J.: 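Structure below; questions to follow.
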Amino acid sequence: MKTLVLLSDARHPVSGRPAPTATELQAINLARGLADEVSGLHAGPDAEAARGALGHGLARLEHREIPAGHDPLPSLLAAIGSEAPDLVLAGRRAGAGAQTGLLPYRLAEALGWPIVADAVALAVDGGVLEVIQALPKGARRRWRLRLPAVVTVHPAAPAAASFALGTARKGQVGAAIGIPAPLDEPAMEERPYRPRPRLIASAAAGAGAAERLRAATQAAGPGGRVMVDPSPEEAAQAILDHLRAIGVLKPASGR
Amino acid sequence: MNAALGLSLVIVALAVLAAVEGARTARRWRIGRSARVDWRTGLAAIPKRYLVDVHHVVARDPYAARMHALAAGGLIAGSVLAALGLMPPLGHAHLFWGAVALAFLVALAGGAMVGRRRYPAKPARLSGGAFQRLPLLLAAYVGGALLVALDAASGLAGPLGWLGLAVAAAGGFGLVRQLADGPMRHALAGALHLAAHPRPGRFEGERATALIPADLDAPRLGVAVPADFAWNRLLGFDACIQCGRCEVACPAFAAGQPLNPKKLIQDLAGSFKAEPPTYAGSPYPQAPPVAGLGGPERPIVGAGALIHPDTLWSCTTCRACVEECPMMIEHVDAIVDLRRFQTMELAAVPAGAIPALSESRYAEEPGGRPLAARTDFAAGLPLPLIAAKGSCDVLLWLGSGAYELRHGRTLRALVELLRKAGIDYAVLGPEERDCGDLARRLGDEATFADLARANIATLSRYSFRRILTADPHALHVLRNEYPAFDGRYEVIHHSAFLDELAADGRLALAAAPAGRLAYHDPCYLGRYNGETDAPRRLLDRLGLERVEMERHGKRAMCCGGGGGAPVSDVAGERRIPDLRMAQVRAVGATTVAVACPQCAAMLEGVTGDVAEVRDLAELVLAAVEAAPVAQGAAR
Amino acid sequence: MSRTRRDPREEREARRLDGNARPRWRLDTPPSSSRLRRDPRREAEAARVPGAARLRLDRSGRVAGTLAPPPIAAEPIAAPTIRIIEAPAFLIAVVPDAPGGRLTPLDRQLLGAARLLSDAGGGAVLVLSFGAVDGLGAAGVDRTVALAAPPGGDPTMRTAELAGLLAALQPRHMLFPESATGGDLARRLAARIGEALFAGAESLTARLATRPAGNRHVEQRAAPPRLVTLAPDAQLPHTGTVHEARRLEAPEIAPAPAHDAILSVEDLPVAADALPLAEADFVVSAGSGVTDFELFRELARALGATPGASRMVCDAGLMPRAAQVGASGTVLEAACYLALGISGAPQHLQGVARCEHVVAVNTDLHAAMVERAGLAIIADAQQVMPALIAALKAESQR
Ligand SMILES: Cc1cc2nc3c(=O)[nH]c(=O)nc-3n(C[C@H](O)[C@H](O)[C@H](O)COP(=O)(O)OP(=O)(O)OC[C@H]3O[C@@H](n4cnc5c(N)ncnc54)[C@H](O)[C@@H]3O)c2cc1C
Ligand code: SF4
Ligand code: SF4
């Protein structure tokens with residue numbers, strides 16, 4: 001069983017320092033459950049962040065050097081061709097750059113392999129991979145597919161191993177020149193990001209008219225209401241009404 | 001031939017036997033790594049180290065001190081004298097044997113005290129097994145010898161002498177048999193440990209509490225197997241007399257977490273022996289089961305080994321055990337060495353500690369927060385950046401507590417006081433990285449070293465007279481641990497600094513009534529740095545009713561917040577801060593004064609019948625604000 | 001209509017959702033102070049009735065984006081007039097998640113964005129759905145096409161069908177929610193047809209879309225390509241005029257086979273009380289104020305919530321360690337947190353910092369949790385719990 005983990009040239013979201021990204025490290029962790037030796041693959045101008053993954057359980061890193069701003073896909077395809085892994089794992093989004101999360105899909109398309117997103121657990125039995133996929137609100141879906149395949153990893157997967165200098169020192173890096181692939185589309189205009197207020201639409205908006213009416217007639221709507229010493233029944237009703245107003249409970253069937 | 005001569009001969013024989021046993025014991029330490037030991041100074045210093053430094057610890061328990069002085073002093077004096085009886089003129093002098101009898105009588109009194117401590121019921125902190133036999137053997141040896149000496153002194157030369165000789169020989173043989181793997185090992189290993197102690201500075205008046213940097217180029221990082229310990233550490237483990245003082249002092253043990261420093265040292269002492277003696281003391285509370293397999297080249301930590309990882313991660317590195325240990329054993333060094341291997345080779349850290357270590361490494365801040373946000377607490381108070389000023393008198397080191405609401409209040413009070421006293425202060429602002437305390441205590445020396453180097457490089461760019469901090473952990477790291485990385489600074493804790501200002505009259509204080517107040521010594525200030533007076537002086541200037549808890553000063557109990565224990569979060573039966581808060585309430589204090597962000601956070605987390613938690617800076621600020629205006633301005 | 005002045009900064013601060021690194025504001029509550037500085041131009045723009053050729057203003061405030069809260073009471077009285085767009089200049093295709101045929105909040109926001117895009121140039125909103133979806137007209141949909149591929153299982157067939165529709169209908173844009181399902185489908189489609197995807201747009205107009213990149217340190221800006229996914233809570237849903245939501249016949253598209261390497265896809269049953277806390281959406285939590293834990297668990301089941309607890313409770317062994325909420329337990333991402341008998345120690349509150357709604361039941365009016373809560377009940381949790389269970393039971397029997 002040969003597993004390759006795709007590593008991006010990630011930056012720490014707060015400090016901006018080169019730092020492997022969490023889901024990629026979690027991918028290494030999942031891969032180590034399937035095979036003892038896990039290799040990583042990075043295509044890009046330098047592999048500083050990817051190299052950091054060696055301290056988190058990666059045994060070997062293949063680095064394909066390409067100029068900045070080039071498309072890593074051809075280099076990755078070539079490397080996958082020569083490494084011939086059974087399974088390619090990737091993080092959910094790269095740890096830097098455009099972070100579209102598109103690369104694993106393009107890779108799977110180019111390879112003709114199936115892709116499953118957001119894995120939290122993996123198991124292999126006789127060439128068949130079982131993937132447990134995380135869905136919103138804790139739901140889970142089980143996929144069974146024939147290898148080879150591409151799988152991306154969800155943040156709810158088991159936590160990554162912490163950094164260990166001893167492992168990092170033992171890790172090997174294989175470097176080779178990648179395939180230059182300048183992008184033909186024009187680069188997007190970039191500006192410093194300015195967080196915009198999240199528009200948290202009122203739960204009432206878009207819900208049924210009756211609920212909107214009720215939401216509007218409730219004292220101040222959801223926001224700092226205090227009921228002192230209500231009867232248990234009053235309290236229960238107030239809580240249920242509130243939970244409905246904020247959309248957490250489904251409307252009562254009887255109304 | 002008489003019984004007295006027999007006694008002399010028996011003692012010489014026992015001494016030879018003891019030497020053989022001793023050599024056998026010492027050979028086992030040779031599996032350890034080499035260590036630089038100044039033998040000449042060390043051996044010469046044994047009497048002083050024993051009589052002053054060890055006695056200082058032992059004397060905290062006056063009964064034990066007297067017991068040991070009588071038993072050990074009498075036994076050694078009597079035996080040496082009796083051996084001298086081989087010299088003809090002495091051997092025939094009745095008076096001489098009278099003196100021998102006196103020495104053994106003293107030893108017998110000591111032996112009786114040993115016995116009285118253990119019979120009819122022994123306290124929980126003491127070990128049973130071979131230790132229960134110790135007073136009997138002691139009584140046999142010194143009692144028998146006493147008979148012989150009395151017999152010789154009275155010139156009777158009767159059967160009583162021969163009977164005494166037989167009993168003394170049996171008891172003496174029993175004691176020597178206890179030398180390699182029994183209670184008597186402490187005598188041999190303890191003496192040598194004093195000579196070859198890994199931290200000789202402890203005997204020269206230094207606090208010597210800085211962790212020793214790990215060699216990051218070593219083929220194996222940290223300690224995995226007993227052979228990875230330096231030989232004098234193995235010697236130290238063998239010196240343990242299982243007195244259980246560390247067990248009593250250990251906050252993790254008290255909280256029912258799976259750590260008992262005494263058993264830990266025993267496990268380590270047993271780890272490099274083919275047949276470790278059975279341990280008959282208190283266990284690790286609620287420890288998950290382990291296989292219990294040891295050996296010089298076998299791993300020490302793990303479910304399949306001797307010590308469960310939970311034991312290791314329960315330690316708050318409070319050093320209470322080290323402070324109490326009469327044999328000068330360095331528990332914390334051993335624990336951190338073991339952690340270093342777990343963290344840096346196996347990446348086997350507790351789940352809760354992983355984010356803290358990762359963020360320390362990649363964001364240079366254990367909470368992963370922006371470095372620039374460290375000054376957010378100031379909310380309008382002027383915090384000049386040293387980058388803008390270039391130099392200042394006092395560089396305020398904010399520490400990771402600055403991100404917390406609770407400690408933010410403390411820091412605001414401190415900055416307010418600095419302003420009132422007209423101090424020329426500045427902060428590093430976004431250039432302040434975490435000092436690395438948490439990473440280091442969790443065994444991640446690599447990340448600590450990176451942080452230390454980065455901070456030292458930053459500090460080297462600015463000129464300031466001294467560093468002021470309200471965080472004893474940062475204080476300890478900057479003051480005591482950065483020198484090994486070539487960063488040497490004068491670092492002062494805010495308790496000492498405020499005391500200084502008050503003494504100079506730069507802060508005018510008025511009594512601010514706060515009810516009964518108890519001061520909780522932070523481990524990293526009191527034990528690690530010996531600073532227990534300045535905070536008390538400062539508090540006494542405030543005119544408060546101050547009471548002492550039973551455990552205070554250098555013997556204070558930990559709040560549970562150090563050593564990464566809060567992030568490791570090993571389950572126990574109780575929580576350490578709850579125990580400490582109960583001690584506060586037990587002396588009737590309604591306010592507990594703290595001097596550390598960790599202590600504040602831990603004690604504030606206690607609910608129920610609690611005392612108010614106030615930092616020294618807040619109390620001082622209240623007193624300054626209560627003082628009539630127009631005072632307190634800079635002179 | 002009184003035109004008073006307000007301090008918008010202060011108001012925004014007051015509505016800031018606390019405990020979050022990123023600023024978030026609650027926009028559902030009407031501003032409490034009555035000082036409001038108004039921008040008549042913007043209001044007029046917002047009140048402009050969408051799609052009308054001539055400028056028409058609707059001052060009732062029902063149009064998306066008004067500053068004033070929608071006067072909801074006016075709504076149900078008038079019989080809804082349906083807006084019909086007969087000959088759209090172009091189509092904006094939307095592929096909502098609509099699990100179980102119900103639009104999610106993000107779906108509605110997506111339709112709001114699509115509505116604005118089409119109204120800006122006389123287009124129409126076309127929903128492509130796998131299975132029937134309720135309430136499309138009110139959400140601003142002009143046309144719907146029900147697709148043939150199964151809504152669950154292997155997404156390969158859905159991808160192929162969407163690719164075929166994209167070619168057949170040539171919509172100006174095809175929009176997806178940036179959700180687990182929608183995001184996955186959009187990426188599959190982009191990879192399949194080799195087209196650019198503008199992923200996670202936070203603003204979207206015909207000429208310009210923006211998205212965060214580089215760990216939210218840079219904003220990328222470009223004219224939106226055909227394929228766009230929309231980030232949650234970036235757009236307001238469409239409110240106001242109901243649209244036609246006319247059903248169209250799906251064009252003939254050769255059905256694509258499933259990926260032959262995919263052997264099976266099945267949803268696993270996960271009970272709310274077995275969810276990992278970190279992923280739960282609704283958590284009901286017990287503190288020292290709760291004594292009957294059988295009752296508490298029953299309540300959690302009845303509410304369909306995931307049970308949590310304070311450290312006190314976990315330390316006492318009354319709930320498992322994994323249930324602990326807080327700094328040394330789990331930091332929740334739940335939308336709603338119902339705290340029963342929890343004082344709200346700082347370490348505990350850290351665990352609920354990201355919860356949008358907090359409801360507290362506590363006997364102590366001054367507990368920190370009461371202060372944090374949107375609805376606080378000062379009462380004995382021990383008595384409120386059975387009342388809640390009884391009320392839920394009574395409702396389900398009605
Ligand atoms: C380092 C550290 C980390 C910590 N981490 C966490 C953590 O992750 N999570 C955590 O929860 N705690 C944590 N704590 C502990 C925390 O500080 C508090 O001790 C704990 O949260 C208190 O739990 P509680 O609210 O259930 O209990 P209490 O503080 O005892 O509160 C009980 C509340 O219930 C109310 N009450 C009592 N009876 C009733 C009744 N019949 N009906 C309704 N209300 C009633 C009371 O008014 C009170 O407000 C941590 C502490 C430390 C020091
Ligand atoms: S380690 Fe020290 S304090 Fe602890 S039992 Fe041994 S000798 Fe006593
Ligand atoms: S340092 Fe403190 S917590 Fe650790 S073993 Fe010693 S006494 Fe116990």
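Within every chain, numbering begins at 1; the chains are lettered A, B, ... in the order of the sequence lines, protein sequences first and strands thereafter. Just so you know, these numbers come straight off a predicted model, no measurement behind them.
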J.: Does any heavy atom of chain A fall under 4.5 Å from the side chain of Ile262(C), the backbone, both, or neither of them?
T.: both
J.: Pick from Arg93(A), Arg106(A), Arg11(A): which one has the most heavy-atom pairs with chain C under 4.5 Å?
T.: Arg93(A)
J.: Using distance alone, with no hydrogens and no angle criterion, decide if Tyr193(A) and Asn215(C) have a side-chain donor and acceptor under 3.5 Å apart.
T.: no
J.: Taking side chain to side chain donor-acceptor pair (under 3.5 Å) as the test, write out the residues that go with Glu371(C), two or more places apart.
T.: none
J.: Which bit of Ile132(A) is near chain C, if near means a heavy-atom gap under 4.5 Å: side chain, backbone, both or neither?
T.: side chain
J.: Between Leu392(C) and chain A, with a heavy-atom cut-off of 4.5 Å, which part of the residue counts as in contact: side chain, backbone, both or neither?
T.: both
J.: Between Arg211(C) (side chain only) and Ala98(A) (backbone N and O only), is there a donor and an acceptor less than 3.5 Å apart?
T.: yes
J.: Go through the atoms of Ala196(C) and report whether side chain, backbone, both or neither lie under 4.5 Å from a heavy atom of chain A.
T.: side chain
J.: Could you pull out all donor-acceptor pairs under 3.5 Å where a side-chain atom in residues 118-128 of chain A meets a protein atom, sequence neighbours excluded?
T.:
residue, atom, partner, partner atom, Å
Asp118(A), OD1, Arg92(A), NE, 2.7
Asp118(A), OD2, Arg92(A), NH2, 3.4

J.: Whether Arg194(A) and Glu202(C) form a salt bridge (side-chain N of Lys/Arg under 4.0 Å from carboxylate O of Asp/Glu) is what I want to check.
T.: no
J.: Quick one: which of Gln383(C), Gln220(C), Glu178(C), Glu333(C) has the most heavy-atom pairs under 4.5 Å with chain A, could you say?
T.: Gln220(C)
J.: Salt bridge check: are Glu266(C) and Arg142(A) linked by an N-O gap of less than 4.0 Å?
T.: yes
J.: Using non-hydrogen atoms only, which part of Leu303(C) is less than 4.5 Å away from chain A: side chain, backbone, both, or neither?
T.: both
J.: Non-hydrogen atoms of chain A under 4.5 Å away: do they reach the side chain of His259(C), the backbone, both or neither?
T.: side chain
J.: Please determine, among Ala222(C), Cys336(C), Ala278(C), Ala379(C), the option with the most heavy-atom pairs under 4.5 Å with chain A.
T.: Cys336(C)
J.: Under 4.5 Å heavy-atom distance to chain A, tell me which part of Pro105(C) shows up: side chain, backbone, both or neither.
T.: neither
J.: So which residue, Val116(A), Leu249(A), Val226(A), Leu135(A), ends up with the most heavy-atom pairs under 4.5 Å with chain C?
T.: Val226(A)
J.: Quick check on the interface: out of His12(A), Glu234(A), Arg146(A), who has the most heavy-atom pairs with chain C under 4.5 Å?
T.: Arg146(A)
J.: Taking every non-hydrogen pair under 4.5 Å, which of Ala117(A), Ala139(A), Gly101(A) racks up the most with chain C?
T.: Gly101(A)
J.: Please classify the contact between Ser203(C) and chain A as side chain, backbone, both or neither, with a heavy-atom cut-off of under 4.5 Å.
T.: side chain
J.: Kindly say whether Gln26(A) contributes a backbone atom to a donor-acceptor pair with the side chain of Asn29(A) at under 3.5 angstrom?
T.: no
J.: Measure distances from Val359(C) to the heavy atoms of chain A and classify the residue's part below 4.5 Å as side chain, backbone, both or neither.
T.: side chain
J.: Sort Ile377(C) into side chain, backbone, both or neither according to what part of it lies under 4.5 angstrom from a heavy atom of chain A.
T.: both
J.: For each of Pro136(A), Ala96(A), Pro230(A), tally heavy-atom pairs with chain C at distances under 4.5 Å, and name the one with the top tally.
T.: Pro230(A)
